[in-house]
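Every heavy atom of this structure was used, including side-chain atoms; hydrogens, water molecules and symmetry mates were not.
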Amino acid sequence: MSEEIHETPSATPNFQTELAAQLAELMPEVIADGKVDVEKLKELLDGDAADTSERFGLIWPDKKRALRAAQTPTTATLRPDFENSKDWDTTKNVFIEGDNLEVLKILQKHYHAKIKMIYIDPPYNTGKDFVYPDNYKEGLDTYLEWTRQVNEEGKKLSTNADTEGRYHSNWLNMMYPRLKLARNLLTEDGAIFVSIDDNEVDSLVRLMKELFGESNHLANLAWEKVHTRKNSSKYFSSQHEYIVAFAKRKESWDRHLLPRDGAAADAYKNPDNDPKGPWKLDPVTAHNFYSADYAITKPDGTILKRPKDRYWVFSEASWNAKVAEGAVVWGAGDSLPMVKRYLSEVQSGLVPVTLLSRKVAGDTATAKREVDDLLGAGVFVDYPKPTKLIRQLLLTTTSADDIVLDFFAGSATTAHAVMALNAEDGARRRVIQVQLPEPLATQSEAWSAGFRTIADISRARIDEVERALAESGGPGDFGYRAYMLADTNFSKWKVSSDVDRNQLEQHLFDLRESSSADDASADDLLSEILLKQGYSLTEQIAPVDVAGLNLRSVGDGIVLAYLNEHVKPALEQLRAVADEDPQRLIVLEDAFQGDDQLKTNLAQLCKSKGIELWTA
């Protein structure tokens with residue numbers, strides 16, 4: 001009977017186990033007694049295996065523990081937050097409040113290889129930034145503890161001062177597992193962009209080369225964050241930051257050309273009604289770049305030799321072809337001719353460049369103005385990024401209905417940029433934002449304005465963006481589904497293997513009563529079950545009534561779920577549910593109330609109708 005009933009997994013995927021399974025599929029001889037035979041693996045790889053005594057790489061204290069932080073499964077879930085959502089039933093955008101390490105694990109099941117672009121603006125490790133203190137055992141506990149790590153004045157107690165012994169190591173331990181998990185989420189033609197400054201740019205590049213592969217390094221972009229010189233600087237006045245760009249697979253990266261700005265497009269005219277369309281004039285000579293050397297005869301008989309220290313741009317054959325097709329504007333006397341360059345002959349856009357000037361990508365002053373205009377002066381002053389900067393990155397990588405992820409959301413600049421660009425070009429990009437509910441200082445302008453956490457500010461900005469874009473008449477999805485990171489709703493999944501005896505006894509006592517939390521709603525339970533079965537965070541869900549049973553319908557009836565542990569359904573009622581012909585039926589284990597005969601009959605019924613039966 002077990003093969004006819006599918007059990008919802010209690011935790012996120014175990015990457016170590018899955019990796020071992022992949023090795024077993026590729027090289028079954030390296031598996032001995034259920035374990036990987038490392039020596040046999042080295043033997044098979046032979047010359048491709050590195051000598052571990054001497055190797056190039058980035059090493060720091062606790063690196064192995066940081067790896068385990070990425071690999072350790074979590075039983076945590078995301079609880080729907082209807083109150084803080086906007087357009088829940090129609091939106092495809094998501095805002096998640098919680099620790100991003102746990103959230104990235106939760107996203108693995110459905111969003112694996114589905115995210116086209118990731119942009120993050122993590123702590124720069126300036127000595128004043130908070131660095132998430134992962135304890136490598138239970139990230140959810142760390143997250144819940146950290147939300148209280150401020151004193152009465154709201155000052156953070158967990159900054160990473162450069163006077164501490166493991167200044168760089170603490171930062172690397174924080175970044176390593178998050179970037180490792182992030183790579184899994186990228187599409188094969190996707191890319192990740194990470195903002196950083198001089199404090200950790202070297203470490204970040206080396207870390208990402210290790211995780212993404214050196215060959216997938218696209219570029220280190222330089223963004224002009226300020227224009228003015230700071231004369232109080234001790235050494236150099238810093239005017240730029242970096243954006244480190246990596247592709248999932250460089251050869252597959254779907255790079256887009258940037259649209260030409262107004263000035264570039266306006267340069268092409270057609271005053272003579274040339275049938276080949278708009279054109280602009282290009283010179284026919286260049287400095288010491290081309291080697292063409294011949295004489296040009298103008299229609300009036302004037303013979304032009306190449307100017308001293310300059311060469312013709314075209315070979316003689318190419319020049320004669322330009323003349324024949326009427327693409328030359330001769331000019332009077334002994335002036336040099338010019339050649340028409342047609343708009344139809346140039347690329348449809350511009351190749352992205354590594355220098356992002358503030359004219360093109362905005363600067364910190366631009367970013368602050370954007371937030372001030374939406375939320376009021378001084379609400380968020382910790383160097384938000386301008387939407388023009390994120391827009392440039394979006395244009396290089398995304399289009400249509402691509403998914404964009406930012407798991408250091410801050411003031412929600414990425415969501416703002418995605419929604420604004422969608423309104424501009426009509427695309428349907430979707431955005432997922434993740435933000436820790438970082439407490440705000442009680443003396444801050446934001447606190448006075450009614451905000452208590454940075455997550456509050458993030459959601460408020462998206463709400464204001466929605467109002468502004470809706471008023472301008474731009475099309476697009478300006479809503480979002482809000483979720484909160486929470487412990488599992490199922491008590492049977494809460495206990496880890498290293499629980500102490502007293503906790504275990506209490507857990508077993510709790511299980512006699514119920515396996516699901518008393519305060520968990522049907523929507524809470526369904527959200528967790530769907531996530532752990534591999535569904536998205538934006539599935540269409542609606543309550544339905546079938547034969548007197550209140551169920552949840554997912555995807556217009558593709559999935560039906562019965563989640564009431566207090567009312568045992570009758571077999572005839574379940575037969576009516578099966579007659580609705582869902583692809584999958586989910587029934588809460590406690591709903592059977594120990595009636596194994598009912599469970600068996602339902603399993604046989606589902607099997608006869610080709611319905612997948614799942615329990616939780």
Side-chain angles (χ1 to χ4, degrees), residues 77-98 103 106-107 110-111 114-117 370-371 373-375 387 390 394 398-407 409-435 437 450-451 453-486 521-524 526-528 530-531 535-544 552-559:
T77 187
L78 299 178
R79 182 169 292 178
D81 183 5
F82 298 108
E83 182 180 351
N84 285 312
S85 299
K86 182 176 287 292
D87 302 331
W88 178 278
D89 292 331
T90 58
T91 186
K92 294 297 182 183
N93 302 316
V94 174
F95 182 88
I96 303 170
E97 182 178 315
V103 172
I106 293 170
L107 296 179
H110 174 79
Y111 292 95
K114 287 186 172 67
I115 306 293
K116 186 62 175 294
M117 177 182 136
E370 286 179 330
V371 180
D373 289 345
L374 290 169
L375 301 178
T387 54
I390 311 304
L394 291 169
T398 69
S399 60
D401 57 353
D402 290 334
I403 304 176
V404 179
L405 170 65
D406 181 348
F407 51 89
S411 64
T413 301
T414 300
H416 185 168
V418 168
M419 292 177 180
L421 186 55
N422 282 347
E424 176 186 326
D425 65 12
R428 302 174 305 280
R429 300 172 187 85
R430 293 163 283 168
V431 62
I432 300 174
Q433 299 260 273
V434 185
Q435 176 57 43
F451 301 107
T453 68
I454 290 181
D456 291 340
I457 293 176
S458 305
R459 286 188 294 263
R461 179 176 184 177
I462 301 173
D463 292 344
E464 292 301 319
V465 167
E466 184 268 340
R467 276 189 270 274
L469 293 176
E471 287 175 3
S472 68
D477 175 4
F478 307 128
Y480 58 93
R481 285 190 177 186
Y483 289 88
M484 297 184 68
L485 180 67
S521 68
D523 292 307
D524 294 340
L526 182 61
S527 178
E528 178 167 3
L530 291 178
L531 277 170
Y535 290 89
S536 79
L537 289 165
T538 55
E539 301 290 343
Q540 294 303 305
I541 300 170
V544 295
R552 290 292 189 273
S553 167
V554 182
D556 199 23
I558 293 176
V559 178

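- Interatomic distance, CD of Glu466 versus CE of Met419, reported as 8.5 Å (0.5 Å rounding).
- Under the rule for a side-chain contact (heavy atoms from CB on, under 4.5 Å), the partners of Thr538 that lie at least two apart in sequence or sit in another chain are Lys92, Val94, Arg481, Ser536.
- Residue Val465 is tested with Thr387, Leu374, Val418 for a side chain to side chain contact (heavy atoms under 4.5 Å, CB included); the sole match is Leu374.
- Residues forming a side-chain hydrogen bond (donor to acceptor under 3.5 Å, both in side chains) with Gln433 (at least two apart in sequence, or on another chain): none.
- Listed by first and then second residue, the salt bridge (Lys or Arg N to Asp or Glu O under 4.0 Å) pairs involving residues 409-429 are Arg391-Glu424, Asp425-Arg429 (not counting sequence neighbours).
- Residues passing the salt bridge (Lys or Arg N to Asp or Glu O under 4.0 Å) test with Arg552, sequence neighbours excluded: Asp523.
- Applying the side-chain contact (heavy atoms from CB on, under 4.5 Å) criterion to Ala460, with sequence neighbours excluded, gives Leu375, Phe451.
- Note that CG of Leu394 is 8.5 Å distant from CG of Asn422, once rounded to the nearest 0.5 Å.
- Under the salt bridge (Lys or Arg N to Asp or Glu O under 4.0 Å) criterion, Asp463 pairs with no residue, sequence neighbours left out.
- Here the shortest heavy-atom pairing between Val103 and Val434 reads CG1-CG2, 3.8 Å.
- Between the side chain of Tyr111 and the main chain of Leu537, a donor-acceptor pair closer than 3.5 Å is present.
- When every heavy atom of Gly410 is checked against every heavy atom of Ile454, the shortest pair comes out as O-CG2, 3.6 Å.
- Distance CG/Leu531 to CG/Leu526: 9.5 Å, rounded to 0.5 Å.
- The backbone N or O of Asp477 lies less than 3.5 Å from no partner atom in the side chain of Asp87, so there is not a single donor-acceptor pair.
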Are Ile403 and Lys116 close enough, and set up right, to give a side-chain contact (heavy atoms from CB on, under 4.5 Å), and what steps lead you there? CA-CA 6 Å; Ile403 304 176; Lys116 186 62 175 294; 5.8 Å; no
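- Annotation: salt bridge (Lys or Arg N to Asp or Glu O under 4.0 Å) contacts of Asp81 (sequence neighbours excluded): none.
- Taking Arg459 as the reference, Glu97, Asp456 meet the side-chain hydrogen bond (donor to acceptor under 3.5 Å, both in side chains) condition, with sequence neighbours excluded.
- Side chains of Ile390 and Val404 form no contact here, defined as non-hydrogen atoms less than 4.5 Å apart.
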In sequence, state the C-alpha distance, the side-chain angles, and the governing distance for Ile432 and Asp406, and then conclude on side-chain contact (heavy atoms from CB on, under 4.5 Å). CA-CA 6 Å; Ile432 300 174; Asp406 181 348; over 6 Å; no
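- No donor-acceptor distance shorter than 3.5 angstrom exists from the side chain of Asp524 to the backbone of Arg79, with no hydrogens or angles considered.
- Not counting sequence neighbours, Ser553 has no partner by the side-chain hydrogen bond (donor to acceptor under 3.5 Å, both in side chains) test.
- The heavy-atom pair separating Thr91 from Lys86 by the smallest distance is CG2-O, 3.9 Å.
- A distance of 12.5 Å separates CD1 of Ile462 from CZ of Phe478, quoted to the nearest 0.5 Å.
- Listed by chain and number, the residues in a salt bridge (Lys or Arg N to Asp or Glu O under 4.0 Å) with Arg467 are Glu464 (sequence neighbours excluded).
- Pairing each heavy atom of His110 with each of Tyr535, the nearest pair is CB-O, 3.4 Å.
- In terms of heavy-atom proximity, Ser399 sits nearest to Ala427 at C-CB, 4.4 Å.
- Residues satisfying the side-chain hydrogen bond (donor to acceptor under 3.5 Å, both in side chains) criterion with Ser458, sequence neighbours excluded, are absent altogether.
- Counting only distance, with no hydrogens or angles, the side chain of Ser85 and the backbone of Ala482 share a donor-acceptor pair below 3.5 Å.
- Every ring-ring contact (aromatic ring centres under 6.0 Å, His included) that Tyr483 has, sequence neighbours left out, goes to Trp88.
- Atom CD1 of Ile96 sits about 5.0 Å away from atom CG of Leu107, to the nearest 0.5 Å.
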